[in-house]
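Note that the structure is predicted; figures quoted are calculated from it, not measured. Reckoned from all heavy atoms, side chains included, excluding hydrogens, waters and symmetry mates. Here is the naming used below: chain letters follow the sequence lines, and residue numbers restart at 1 for every chain.
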Amino acid sequence: MTSAENTSENSKINYKETLLLPETTFKMKAGAATREPEIEQFWDDQQIYFKAQEQRKASGAEKFILHDGPPYLSSDKIHIGTALNKILKDIVTRYQYQRGHYAPYVPGYDGHGLPIENAVVKSIKGGRKAISDVELRQKCRDFGAKNLKGQETNFKRLGVWGDWEHPYITTDPKFEATQIKAFYEMHKKDYVYKGLKPVYWCSHCETALADAEVEYDNHTSDSIYVKFAIDNSSLKPGQEMLKDASVVIWTTTPWTIPANLALSVHPEYEYEVFEEKISGQKYLVASELKEQVIECLVKELAKIGKQLEPTLEGASGKVTASNEAPNKGMKLLNIQAAMMSMIKPLNESTFPTLAKIKGKDLEFLNAHHPFINDRVVPILTGRHVTLEAGTGVVHTAPGHGMEDYVICQQYDNGPLKNNPIGIVSPVDAKGVFTDKAQEPRLIGQHYSKGNEIVIEILKEKGALLGHRKIDHSYPHCWRCHQPVIYRATEQWFISIDKIRNEALGEIKQAKWIPERGEARIASMVEGRGDWCISRQRVWGVPIPVFYCKACDKPLINEKTTEDLYDLFCKESSDAWWAKSAAELLSDDTTCACGSKEFTKETDIMDVWFDSGITHTAVVEARKDELGEIPVELYLEGSDQHRGWFQSSLLTSVMLHQKAPFKSVLTHGFVLDGNGRKMSKSLGNVIDPNKIMNQYGADVLRLWVASVDYSVDVRIGDEIIKQLVEVYKKVRNTMRFMLGNLAGFDPDSHTEPYENLSDLDKYTLHRMQEVVSKLTEAFDHYQFHHYYQVLQNFCVTELSSLYFDVAKDVLYCDPENAPRRRAMQTVLYEVFTTMLPMLVPVAPHLAEDIWSHLQEEQKPNYGFDMPPVSITMAPWPELNQKYYKYDEREQFEAILALKYDVNRSMERFKEISYNLTSASDKKIEQLTEIVATIGAVVQNGLEPINRIDMNKTDLEMLFLCSEVNLNFEEDLDLSGYFGHYGNNSLVGEQYSIKCSVSSYSKCERCWNYRESVGTFADHPDICERCHGAVSEMPREAPVT
RNA sequence: GGGCCAUUAGCUCAGUUGGUUAGAGCGCACCCCUGAUAAGGGUGAGGUCCGGUGUUCGAGUCACCGAUGGCCCA
């Protein structure tokens, strides 16, 4: 180092101190785990939600009601799917509020039902029988209340705003009271009836079981082939080949044969009639299963008859049916092997096919029950019939099988309306045959003994074609582990037929988002059977019906319902269990038969009925707050097409003759990062609380906004990592603006639009474009478009372009320089426009930023004074003044040129780094480079020069030392780094020439400018910086 | 087993009525900056559009078959 340099070094002014660098208290690091709860506390303390909604309501704003579907209170923690749902709802209500609507959100909870009851029962010392129904219900209520608190804490931590002080819960006394009223209304309108339906039944525990209470385990069953003789009188013309034939069925529950009321075939399968030559019998089975049936017949024939003996000998030459071989097991195997080898020849000669017939042509033929005299059963067609095992003909006993029941119901409600199949369930609660079995040997016997007896009877009647034991998976009671059965019991139903068309009409009226939801629910409503609403449980709302002790006639009327309503409002539905029928009924209650003694119905209502009537028990009951149905929106997971959407729609049509919603939005399920379902066993469960504690709720919310929720969505470490990056980008973008707005007084420093530069105007235009895009994205519930647009804007337009260019001016220009104030004007505009748009997705972040904005800088956002919370601020309107920008095309051409030039300069710099000669200069900064742009005169094309921007502005925009435009001549690129490009603005082709600036570096702004060195008092800085430094009130500090 | 849905770069998403060489941001690699600094800028590499067959002059886009995954039902 020379002594001269040394001297100047010592006296060098620390120009950094003279710069106007960003200043803000807003931290780069979020510290969300502690900061977010503070913000939520602030919202709570300030009652922001209530104030905001109250204002809207008072001003008579149009309402937008999103009615909450109640999550089930089985746990005190929420899972990621619930978080997705709640966040989506919150984004919607917050946005709708911002758009000027009164958009209250009343969170709800579903508190009755089996899972809670079972969880509570499990915890009781001494088991279920140790406590009374009333005590059990109290425990269930407590359990639900505890879980409600837990879930509520989770939901609030997500940043969801709503009426947390007055949520609704289906176990609320008033709700329960309203529910029995609703039941009565439906009963009055004749939608409710009592009928038989098979349910899982444990004869050991003498109780009905829900599907969830059944475990599958191996069980050895008797499997039998049985023949049903076709009723010749039912044959249609052309079906003579079926005369005297027998339909063969296969079943693993012989004891249900007495309950057989029909046979089912598949409409599309091919069936065939074949003859067994030995006895001349004709059988009908599915073609594909014929061989299996024949195999069985052969064995049976071998067992019972001697007539096959000669054939056997003929086939094997050795093996006979007599006991010759010393090893019996070996012998049996040999016989079987011989049999197998005979099947094929037997198939062709001994069992010739007589005719083939399609399943649907068998429909409505009749067959005789094998041993119940006078019972003729019809053949039905159904797609539940399979060819996996059996004969392709299914023994159908609607009292003992779910599919059997469903198919019979379909026929009874349709083609067989006038001559219904009905249901026979000849087994009582203990599993003992009743006289409905119509067979003396069975009556009084337990069903488990029934198999043996039925087989014996079938043998006697000659209807048994085969019998063996099989091991298969069979349902067992989860409590006593005994096998369970399906048993038809009396249940309460809601008739769907009466409102089906009306419901379908309402489905059409509603808007389904995405659209395919409409077809999904419509097909379900079209095809569904009646709704069984009774459950044989304790934790729920009772079916409010009494029965006369004398004549068993049910009792429910206006009076009994009103009395119960009043009582339930006071004491909750617990009163039903706490009080006797006499106490529940008024003294003068008398049955038509004259009796005054009554019993209570013991069943409760399906929880889907509870939640299904929230349109009445919540929306209508809180009319002042929520208005009337239909509400604007229901928003739930796509599984609710079968669940809540349907139960709500059906009950609403019955009670109000209309759908409870105008629109229904559905979202998919949350899968792990690989698209797999989350499960404990796979260990891929993502806990929303963990994400919130680590990264904050806004990151989780940002995730919700980032994915296309209309299909299944994924979340995993990589995805979260990416979201954190985007969150930081948005945060830092806002922080940069906040810092550079220091010292900016919007009232006095705002520059008029006309004074703004092209880049300024362009940026404001782009900002408005974002407003327009985000508004459209939210109006169409396309939140992932919001995420993409917002991210792009922050990265591309702001960070990479505007901020990067603006930094020089913001930091180095004199504080009040017009172009600096102009840029602050732009920053202020962008900042205050963006901030409210962050609210729906990232309310904590928005609030945090707002709290770091200087009070005097806070805009009023349409209020008399700046809002306490940014979440109260309205959504920005499209500002036409800024949006309209006619020079966009031209400016974008200049930008394209900028990126071309920057690319060239970058390459130039890289090349300079690879130089080996010491005399060549290594370029450290782009600001050292001089870019000369020239047109290439080619093919006689005239170069165009329409760049309407002064040299200084171009240099600022291109971030280089100097820009020279030279369109007059074809540049000679030899010896320079050159680059050719295409740009409609500049010409068909143009060249960019890069060279090293001969000017000195300004020690203050680091630009290489001609003016550096021309000022005696500050020899190291440029003209602009000299001006800025001279303007400063005191001497710049010296290091 | 049935109904519905999804599959485009490592990730999240675009991709009009079928029409040039399939795009964006992030991430990644490399480079720069150290005056947004646990920040910022630049350059670049990434695609068998799930697979197959068909329709068409032409298919990411339309039709059919299949695979994988998901929801609902059985």
Side-chain angles (χ1 to χ4, degrees), chain A residues 15-24 26-30 266 382-388 402-403 406 514 516-517 519-521 523-524 527-528 637-643 646 666-678 702-703 705-708 710-726 728-729 731-740 782-796 798-801 803-808 810-812 899 902-907 909-910 913-914 923-927 959 1004-1006:
Chain A
Y15 286 112
K16 183 173 174 181
E17 299 296 322
T18 72
L19 296 173
L20 296 160
L21 296 177
E23 243 176 77
T24 176
F26 183 61
K27 295 275 181 299
M28 197 158 80
K29 212 170 169 204
H266 195 287
R383 297 186 178 271
H384 63 288
V385 178
T386 69
L387 296 172
E388 266 169 41
M402 206 52 195
E403 284 174 330
V406 170
R516 58 177 175 272
R520 184 163 178 186
I521 192 169
S523 76
M524 285 174 182
R528 71 163 293 160
S638 59
D639 56 335
Q640 299 305 331
H641 284 109
R642 181 160 296 275
Q646 212 179 124
T666 52
H667 56 81
F669 278 68
V670 184
L671 309 174
D672 75 3
N674 298 315
R676 304 278 162 140
K677 187 194 179 107
M678 288 186 192
L702 200 58
W703 165 69
S706 77
V707 293
D708 177 3
S710 71
V711 293
D712 290 341
V713 299
R714 297 177 180 199
I715 193 164
D717 290 342
E718 191 184 349
I719 295 169
I720 294 165
K721 218 175 110 192
Q722 176 182 325
L723 289 158
V724 171
E725 290 303 314
V726 175
K728 283 193 201 163
K729 187 74 198 183
R731 188 181 174 91
N732 276 324
T733 303
M734 295 304 282
R735 181 170 179 269
F736 179 86
M737 291 191 275
L738 206 48
N740 282 289
Q782 290 174 323
F783 308 134
H784 59 292
H785 290 173
Y786 165 99
Y787 172 84
Q788 301 277 340
V789 169
L790 184 78
Q791 188 194 184
N792 248 286
F793 184 63
C794 287
V795 171
T796 314
L798 296 181
S799 202
S800 160
L801 177 63
F803 294 174
D804 209 35
V805 171
K807 275 192 279 192
D808 177 67
L810 290 167
Y811 298 173
C812 306
Y899 292 122
N902 285 158
R903 220 182 340 268
S904 283
M905 297 198 300
E906 199 68 36
R907 296 244 170 85
K909 191 180 74 176
E910 272 170 35
Y913 266 73
N914 297 328
I923 296 161
E924 281 163 11
Q925 292 176 315
L926 294 183
T927 49
L959 300 168
R1004 184 165 176 272
C1005 71
W1006 297 343

S.K.: Provide, to the nearest angstrom, the distance between the NE2 atom belonging to His641(A) and the C1' atom belonging to rC5(B).
M.R.: 11 Å

S.K.: For rG69(B), take OP1 and OP2 only and decide whether either is under 4.0 Å from a side-chain N or O of Arg676(A).
M.R.: yes

S.K.: Taking the side chain of Asn732(A) as its heavy atoms from C-beta onward, which of rA39(B), rC71(B), rU12(B) lies nearest to it?
M.R.: rA39(B)

S.K.: Specify the separation, in whole Å, of atom CG of Asp804(A) and atom P of rU34(B).
M.R.: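 Going from Asp804(A) (CG) to rU34(B) (P), I get 14 Å.
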
S.K.: Heavy atoms only, 4.0 Å cut-off, all strands: where does Gln788(A) land among base, sugar-phosphate and nothing?
M.R.: base

S.K.: Let me spell it out: for each of Val726(A) and His784(A), pick the nucleotide of RNA chain B with the closest heavy atom. Which residue's pick is nearer the 5' end?
M.R.: His784(A)

S.K.: Nearest of rG25(B), rG35(B), rA14(B) to any side-chain atom of His785(A)?
M.R.: rA14(B)

S.K.: Between rG41(B), rA38(B), rG25(B), which one does the side chain of Lys729(A) approach most closely?
M.R.: rG41(B)

S.K.: According to a cutoff of under 5.5 Å between the ring centres and under 30° between the ring planes, does Tyr811(A) stack with the base of rG35(B)?
M.R.: no

S.K.: Using a 4.0 Å heavy-atom cut-off across all strands, classify Asp708(A) as base, sugar-phosphate, or nothing.
M.R.: sugar-phosphate

S.K.: Between P on rG2(B) and CZ on Arg528(A), what's the gap in Å once rounded to a whole number?
M.R.: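 Spelled out: CZ on Arg528(A) to P on rG2(B) is 24 Å.
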
S.K.: Base, sugar-phosphate or nothing for Ser799(A)? Non-hydrogen atoms, less than 4.0 Å.
M.R.: base

S.K.: How is Trp703(A) classified with respect to the nucleic acid when contacts are heavy atoms under 4.0 Å: base, sugar-phosphate, or nothing?
M.R.: nothing

S.K.: Counting the atoms with a prime plus P, OP1 and OP2 as sugar-phosphate, which does Arg642(A) contact under 4.0 Å by heavy atoms, base, sugar-phosphate, or nothing?
M.R.: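 Sugar-phosphate contact only - Arg642(A) comes under 4.0 Å of backbone atoms but never of a base.
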
S.K.: Quick one: label Phe669(A) by what it contacts on the DNA or RNA (base, sugar-phosphate, nothing), any heavy atom closer than 4.0 Å.
M.R.: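 Sugar-phosphate contact only - Phe669(A) comes under 4.0 Å of backbone atoms but never of a base.
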
S.K.: Given rC71(B), is OP1 or OP2 found less than 4.0 Å from the side-chain N or O atoms of Lys677(A)?
M.R.: yes

S.K.: Look at the side chain of Thr796(A) and the backbone N and O of Phe793(A), then say whether any donor-acceptor pair between them is shorter than 3.5 Å.
M.R.: no

S.K.: Which residue, Gly675(A) or Lys807(A), contacts RNA chain B at a nucleotide closer to its 5' end, judged by nearest heavy atom?
M.R.: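 Nearer the 5' end of the strand: Lys807(A).
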
S.K.: For the pair made of CG in Leu801(A) and C1' in rG42(B), what is the distance, rounded to whole Å?
M.R.: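 Interatomic distance, CG of Leu801(A) to C1' of rG42(B): 14 Å.
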
S.K.: Classify the nucleic acid contact of Leu671(A) as base, sugar-phosphate or nothing, counting any heavy atom under 4.0 Å across all strands shown.
M.R.: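 Sugar-phosphate, no base atom in range.
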
